[in-house]
Amino acid sequence: MLPKIVAGPAERTVANTLLSYNQLLTGLGESAALSALMAEVHPDAAIREAARTCEQDVSTFGTELQLNRPLYDAINKVDLRTADAE
């Protein structure tokens, strides 16, 4: 999803940039929640340990996402003047 957002069209819109970014963040949140849950409650220690690794990977990806200059530039180019308030 990230490469698609960054390489998107020259004309950035809510539909072709921000909706994809929202999907990316939703997936990130779901991954974080599931890995955190499994790290705490799964009965198998190996699964709990794998889930902890996933938690760290998700956290790292989230941090890298926040620091991603091409992503920032893509989002910054979205013209919100014609977007509805929602």
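Hydrogens, waters and symmetry mates play no part in the numbers below; they use all other heavy atoms, side chains included. All residue numbers in this chain count up from 1 along the given sequence.
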Would you name the heavy atoms of Thr82 and Asp79 that are closest together and state the gap between them? OG1-O, 4.2 Å
Please assess Lys77 against Asp73 for the test salt bridge (Lys or Arg N to Asp or Glu O under 4.0 Å), listing each intermediate value before the final yes or no. CA-CA 6 Å; Lys77 290 178 184 174; Asp73 291 340; over 6 Å; no
Calculate, to the nearest 0.5 Å, the distance between atoms CG and CG belonging to Leu24 and Leu18 respectively. 12.0 Å
Atom pair CG/OG1 of Leu19 and Thr26 - distance to nearest 0.5 Å: 10.5 Å
To the nearest 0.5 Å, how far apart are NZ in Lys4 and CD in Gln23? 6.5 Å
Following the transitive rule for hydrophobic clusters with a side-chain heavy-atom cut-off under 4.5 Å over Ile, Leu, Val, Met, Phe, Trp and Tyr, establish whether Val58 and Met1 coincide in one cluster. yes
Taking every heavy atom of Arg12 against every heavy atom of Val6, the minimum-distance pair comes out as NH2-O, 3.0 Å
Do Leu67 and Leu25 sit in one hydrophobic cluster, given that two such residues count as connected whenever their side-chain heavy atoms are within less than 4.5 Å of each other, even indirectly? no
Under a 3.5 Å distance rule, please check whether Thr17 uses its side chain to pair with a backbone N or O of Val14 as donor and acceptor. no
When rounded to the nearest 0.5 Å, the distance separating CZ of Arg52 from CD of Glu40 is 6.0 Å
Minimum heavy-atom separation for Ala51 to Ser35, with atom names? CB-O, 3.4 Å
Going only through I, L, V, M, F, W and Y residues with side-chain contacts under 4.5 Å, is there a path from Phe61 to Met38? no
Ion pair Arg48/Asp44, N-O distance below 4.0 Å: no
Using 0.5 Å steps for rounding, measure from the OG1 atom of Thr60 to the CD atom of Glu55. 11.5 Å
Side chains of Thr13 and Asn16: any donor to acceptor distance under 3.5 Å? yes
Linked, directly or transitively: Ile75 and Leu80 (ILVMFWY side chains, under 4.5 Å): yes
Rounded to the nearest 0.5 Å, what separation is found between the CD atom of Glu64 and the OG atom of Ser59? 10.0 Å
